[in-house]
Amino acid sequence: MHELGITRNIVSICSEQAHGRKVIRVRLEVGLLSGVVPDSIRFCFDVCSQGTALEGADLEVLEIPGEGECRSCGKRVPLRQVFGHCPCGAGDLICVAGKELNIKDMEVQ
């Protein structure tokens, strides 16, 4: 489960940026095509944040849907997996959304 390592890094980055202040809330953006399981991040967050400025903080995960752009016709289409097909029949899509994994913001006291 690579989410444990990812969550440790999230807690470390947020703790560093909090400069000793108590963190109340953290908002993450997780793309549905990123390979990261939001429920696993939520589970790991409580464990990883123990004894840090983030202990007891709320974690809000904003799930970003996948979207591709067709290189043939330029149309944007929803993606449920990294590869897909455009309604025009082309299979040459560029993933333009859904691979994100970002700390959007955090609220501190």
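One is the number of the first residue; the rest follow in order along the sequence.
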Spatial distance of atom CG (L32) from atom CD1 (I64) [nearest 0.5 Å]: 8.0 Å

Heavy-atom closest pair, residues [X] and [Y]:
| X | Y | result |
| --- | --- | --- |
| A97 | L33 | O-CD1, 3.9 Å |
| S49 | D46 | OG-O, 3.4 Å |
| C70 | L93 | CA-CD2, 3.4 Å |

Using a 4.5 Å side-chain heavy-atom cut-off and chaining through intermediate ILVMFWY residues, the residues clustered with I24 come out as none

Taking only residues two or more places apart in sequence or in another chain, which ones pass side-chain hydrogen bond (donor to acceptor under 3.5 Å, both in side chains) with E69? R76

Check: E100 side chain, G98 main-chain N or O, donor-acceptor pair, under 3.5 Å: yes

Below 4.5 Å, heavy atoms only, C-beta onward: do [X] and [Y] meet side chain to side chain?
| X | Y | value |
| --- | --- | --- |
| H2 | V36 | yes |
| K75 | C88 | no |
| V77 | P87 | yes |
| C86 | C73 | yes |

Show the atom names and distances, to 0.1 Å, of all donor-acceptor pairs under 3.5 Å that link a side chain in residues 4-17 to residues at least two apart or in another chain.
residue	atom	partner	partner atom	Å
T7	OG1	E3	O	2.7
N9	ND2	G5	O	3.4
S15	OG	V11	O	2.8

If hydrophobic clusters are built from ILVMFWY residues whose side chains come within less than 4.5 Å, do [X] and [Y] share one?
| X | Y | answer |
| --- | --- | --- |
| L59 | L54 | yes |
| V61 | V23 | yes |
| V30 | F45 | yes |

Take a 6.0 Å sphere around NZ of K22 and say whether it holds more than 12 heavy atoms from other residues, nucleotides or ligands. yes

Mind checking side-chain contact (heavy atoms from CB on, under 4.5 Å) for V47 and listing every partner two or more places apart, or none if nothing turns up? none

Output side-chain donor-acceptor pairs under 3.5 Å for residues 102-109, partner residues at least two apart or in another chain, one line each.
residue	atom	partner	partner atom	Å
N102	ND2	E29	OE1	3.1
D105	OD1	R27	NE	2.9
D105	OD2	R27	NE	3.3
D105	OD2	R27	NH2	2.6
E107	OE1	R25	NE	3.4

Tell me, please, which residues at least two apart from E63 pass salt bridge (charged side-chain N to carboxylate O under 4.0 Å, His left out). R42

